[in-house]
Amino acid sequence: MSSEIVLTLPDGSERSVPAGTTPLEVARAIGPRLAADAVGAALDGAPVDLRTPLGRSGAFRLYTAKSPEAGDFIRHSAEHVLADAVTRLWPEALYDAGRKDHSEKFQYDFRFARAFTPEDLAAIEAKMREILAEDSTFERLEVTRDEAERIFRELGNDLKLERLKDIPAGETITLYRHGRFLDLCRGPHAQRVSQIGAIRLLEASGVYFKGDERNERLQRIYGTAFGSARELEAYDRALEEARARDHRRLGPELDLWSFSPLAPASPFFHPKGAAVYNGLIGYVRELNARHGYGEVVTPQILDVELWHTSGHWANYRENMFFTELDERQYAVKPMNCPTHCLIYQTGKRSYRDLPIRYADFGRLHRYERSGVTSGLTRVRSFAQDDAHVFCTDDQVEAEVMRAVGIILDIYRTFEFRDVAIGVGTRPDKRVGSDEQWEVAEAGLCRALDTNGLAYTVNAGDGAFYGPKIDFRVSDAIGRQWQLGTVQLDYQLPQRFELEYVAADGSFRRPVMIHRAMLGSVERFLGILIEHTAGALPFWLAPVQAKVLPLSERFLAYGGEVAARLGEAGLRVEVDVSNEKLGYKIRQAQLAKIPYMLVVGEKELQAGAAAVRTRGGEDLGPIPLAELTRRLVDQAARRAAALPAAGEVG
RNA sequence: GCCGGCAUAGCUCAGGGGUAGAGCAACCGCCUUGUAAGCGGUAGGUCCUCGGUUCGAUUCCGAGUGCCGGCUCCA
């Protein structure tokens with residue numbers, strides 16, 4: 001009764017096979033060589049295990065160890081080899097579950113009496129290599145729930161029994177076996193363990209069972225695996241590149257900022273770092289002015305009464321710093337919004353006044369749990385390019401889109417191409433009714449939909465006072481960070497009893513929109529440094545040009561050149577060291593300074609400077625007046641490259 | 001907050017129960033320099049902090065602090 005299905009191969013040819021045929025059988029039909037080399041398959045782009053019966057027609061592909069897509073099959077298989085190795089070394093270790101994320105890493109969790117040491121990892125890795133050499137074949141077994149339960153009960157693995165309960169009724173339960181090792185697993189896996197060409201265990205860590213803090217603690221081992229040693233080497237090179245771009249290393253190295261143990265997770269910006277910091281804020285100030293946001297300055301420390309009103313006391317207290325004086329309790333602000341509500345309250349507002357837009361670069365302090373802070377991306381002291389818009393219901397969509405538009409503009413300026421947009425919906429800990437949340441969530445989605453922007457919905461990811469749109473970009477090692485955010489808030493206006501007089505004379509409640517574009521200035525700077533590997537855009541660079549006198553004889557002229565450019569508002573330094581030109585160039589290059597201005601006899605005579613870019617390009621001598629014009633123009637336009645002589649004016 | 005690792009000169013790191021070393025940087029001198037490291041010299045340390053073991057601790061043990069990799073949580 002088997003019906004036929006049609007598989008379309010990558011070369012466009014079609015193959016008709018009985019439904020229930022496995023990819024491996026298809027491979028055998030195509031050729032013995034391919035059958036031997038196959039690691040996995042895909043139907044319409046979705047990975048399929050070689051032993052899974054095919055149930056429908058579609059675009060069919062086979063992967064060998066050479067295909068980049070084979071990595072997922074290989075790493076998934078490496079998880080089982082890891083669990084096998086640990087179990088062989090310590091039979092009492094209970095294996096929970098493995099996982100491979102979308103990176104090149106895989107992991108497996110164990111119930112184990114102690115933490116795994118680096119020596120343990122070395123022993124496990126050696127055992128894994130032994131297992132690879134055994135070259136067993138992966139087998140796929142479909143079992144009933146009862147059979148699966150019986151098997152894991154016999155193995156004494158209650159973690160697996162717990163996992164089994166999480167599999168929805170009706171779903172096919174599969175086990176995979178290689179050698180004598182058996183695991184509850186959805187697959188897909190490679191054909192044979194020997195197809196895992198290269199493995200490395202990376203680190204161990206304690207984790208919670210099923211990721212829940214209330215559950216027991218397990219021991220996790222991370223590793224990576226590839227089809228070939230060459231791919232592992234490429235992975236190492238990528239890691240090295242990421243390390244070279246790490247802002248935590250580049251920032252102090254470029255003398256931008258430092259940290260002190262006396263103020264954990266709170267950056268100290270040095271003059272160069274502050275120049276960049278203020279450059280970012282200056283850019284946002286321009287945009288704020290252009291879009292009708294009025295900047296305000298508000299206090300740092302406010303009576304806790306305010307935080308009771310705002311709901312922060314109930315929902316955000318564990319992240320706040322407190323202080324007491326004259327028997328009065330104060331809190332250091334973690335957000336600006338309540339202070340903006342106080343400003344709103346100072347006058348009677350009419351619908352004609354709305355929208356009112358307050359921007360604020362106030363310093364914020366949040367007590368972040370130790371262990372979660374990192375570099376500039378997660379700190380305890382920071383500023384946001386914050387703003388709050390008070391508007392009518394009718395104005396919400398336009399105001400949301402205004403903010404989204406500016407955000408996308410900013411990311412374009414900095415050439416962030418991979419921006420992911422997410423909509424965060426109601427979290428467990430929240431204020432307000434479900435109806436209010438309903439309206440707010442739908443409003444955000446509609447604003448994105450009508451503008452054709454793609455986004456993912458992150459359930460439970462909203463702020464406690466309202467849903468949010470967030471904008472995320474990746475750092476050098478692929479970690480995603482939230483930068484900009486637009487949040488709707490129906491709660492604070494209510495808590496602060498904000499109102500405006502409507503056209504009909506009635507009192508109405510405004511809607512509040514929170515928005516940040518860079519997000520936190522600190523985090524943005526950290527990500528930007530990784531994005532640019534420290535070579536900041538010309539307009540932001542702390543030192544925009546360095547004058548390199550060829551010898552001591554040209555120091556005076558070098559000083560003149562720097563002074564001339566400095567008067568035009570550019571940040572220029574002179575290298576007064578007693579070194580050869582090559583050395584000076586190297587120093588400027590390592591400092592990632594956009595332009596090097598070499599001055600020697602020829603330049604002195606011509607009233608010029610020979611320009612070399614940090615990209616290594618030699619632009620030759622350019623007369624000072626012209627150079628000044630072109631550099632000033634490049635900075636003003638926030639352009640990536642020096643405009644040609646004719647373009648300036 | 002939890003699990004693990006690390007902490008030696010400004011930076012990168014070596015060393016080791018008997019009060020410490022390299023390279024780079026800094027400083028001084030020679031050279032007067034043409035597009036990524038010229039040569040020589042000098043100076044620089046509470047070996048994170050506190051406690052314990054020891055005749056003696058920077059080294060071994062414990063606690064604390066900070067940082068790093070994860071978990072949980074977030075801009």
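Letters A, B, ... mirror the listed sequences (proteins, then strands); counts begin at 1.
Comparing A:R249 and A:R614 against RNA chain B, the residue whose closest nucleotide sits nearer the 5' end is A:R249. Between A:Q487 and A:L262, the one whose closest nucleotide on RNA chain B sits nearer the 5' end is A:L262.
To the nearest whole angstrom, the two P atoms, one in B:G21 and one in B:G5, are 31 Å apart. On the P atoms, B:G56 is 35 Å away from B:C13, given to the nearest whole Å. Separation of the P atoms belonging to B:G23 and B:A43 is 15 Å when rounded to the nearest angstrom. Taking the P atom of each, B:U46 and B:C11 are spaced 13 Å apart, rounded to whole Å. Taking atom C1' on both nucleotides, B:G17 is separated from B:U59 by 7 Å, rounded to a whole Å.
At B:C68, one or more side-chain N or O atoms of A:R248 fall inside 4.0 Å of OP1 or OP2 (strictly under the cut-off). The side chain of A:K468 places an N or O atom within less than 4.0 Å of a non-bridging phosphate oxygen (OP1 or OP2) of B:A75. Taking only side-chain nitrogens and oxygens, A:Y316 never comes nearer than 4.0 Å to OP1 or OP2 of B:C74. For B:A25, one of the phosphate oxygens OP1 or OP2 lies less than 4.0 angstrom from a side-chain nitrogen or oxygen of A:Y583. OP1 or OP2 of B:A75 sits under 4.0 Å from a side-chain N or O of A:Q482. Between A:R612 and B:A36 there is a side-chain N or O to OP1 or OP2 distance below 4.0 Å. For A:S205, no side-chain nitrogen or oxygen approaches OP1 or OP2 of B:C3 to under 4.0 Å. Checking the phosphate oxygens (OP1, OP2) of B:C68, no side-chain nitrogen or oxygen of A:R243 falls inside 4.0 Å.
The existence of a salt bridge linking A:R612 and A:E617 is excluded, since no basic side-chain nitrogen approaches an acidic carboxylate oxygen closer than 4.0 Å. Under a 4.0 Å N-O distance rule, the pair A:E530/A:R249 does not qualify as a salt bridge. Classification of A:R402 and A:E399 as a salt-bridged pair holds, one side-chain N sitting under 4.0 Å from a carboxylate O.
Contact annotation: side chain of A:E368 to base of B:A75, donor-acceptor pair present below 3.5 Å. Between the base of B:G4 and the side chain of A:Y222 there is no donor-acceptor pair shorter than 3.5 Å. Side chain A:N319 to base B:C73: no donor-acceptor pair is found below 3.5 Å. Within 3.5 Å, a donor on the side chain of A:R378 pairs with an acceptor on the base of B:C73, or the reverse. No donor-acceptor contact under 3.5 Å links the side chain of A:R217 to the base of B:C3. Judged by distance alone with a 3.5 Å cut-off, no donor-acceptor contact links the side chain of A:R586 to the base of B:U35.
Counting any heavy atom pair closer than 4.0 Å across all strands shown, A:Q587 reaches no nucleic acid atom. Here A:E603 lies in heavy-atom contact (under 4.0 Å) with a base.
Across the strands present, B:C60 finds its partner in B:G52; the criterion is a Watson-Crick or G-U wobble pair with both atom distances under 3.5 angstrom. Within the shown strands, B:C6 is the pairing partner of B:G66 under the Watson-Crick or G-U definition, both distances less than 3.5 Å. With a cut-off of 3.5 Å on both pairing distances, the Watson-Crick or G-U wobble partner of B:G40 is B:C28. The partner of B:U46, taking Watson-Crick or G-U wobble pairs whose two distances both stay under 3.5 Å, does not exist in any strand shown. Applying the Watson-Crick and G-U wobble criteria (two distances, each under 3.5 Å), B:U33 pairs with nothing in any strand.
Counting only heavy atoms from C-beta on, A:V372 has its side chain closest to B:C73 among B:A36, B:G4, B:C73. For A:E552, the listed nucleotide lying nearest its side chain is B:U32; candidates were B:C71, B:U32, B:G34.
Considering only heavy atoms from C-beta on, A:D166 comes within 4.5 Å of A:K210 through its side chain.
A:Q487 and A:T485 are linked by a side-chain donor-acceptor pair at a separation below 3.5 angstrom, with hydrogens and angles left out of the test.
Side-chain N or O atoms of A:R472 include none that pairs as donor or acceptor with a backbone N or O of A:L483 at under 3.5 Å. For A:E603 (side chain) and A:G600 (main-chain N/O), a donor-acceptor pair under 3.5 Å exists by modelled atom type.
At whole-Å resolution of the value, CZ in A:F209 and C1' in B:U72 are 16 Å apart.
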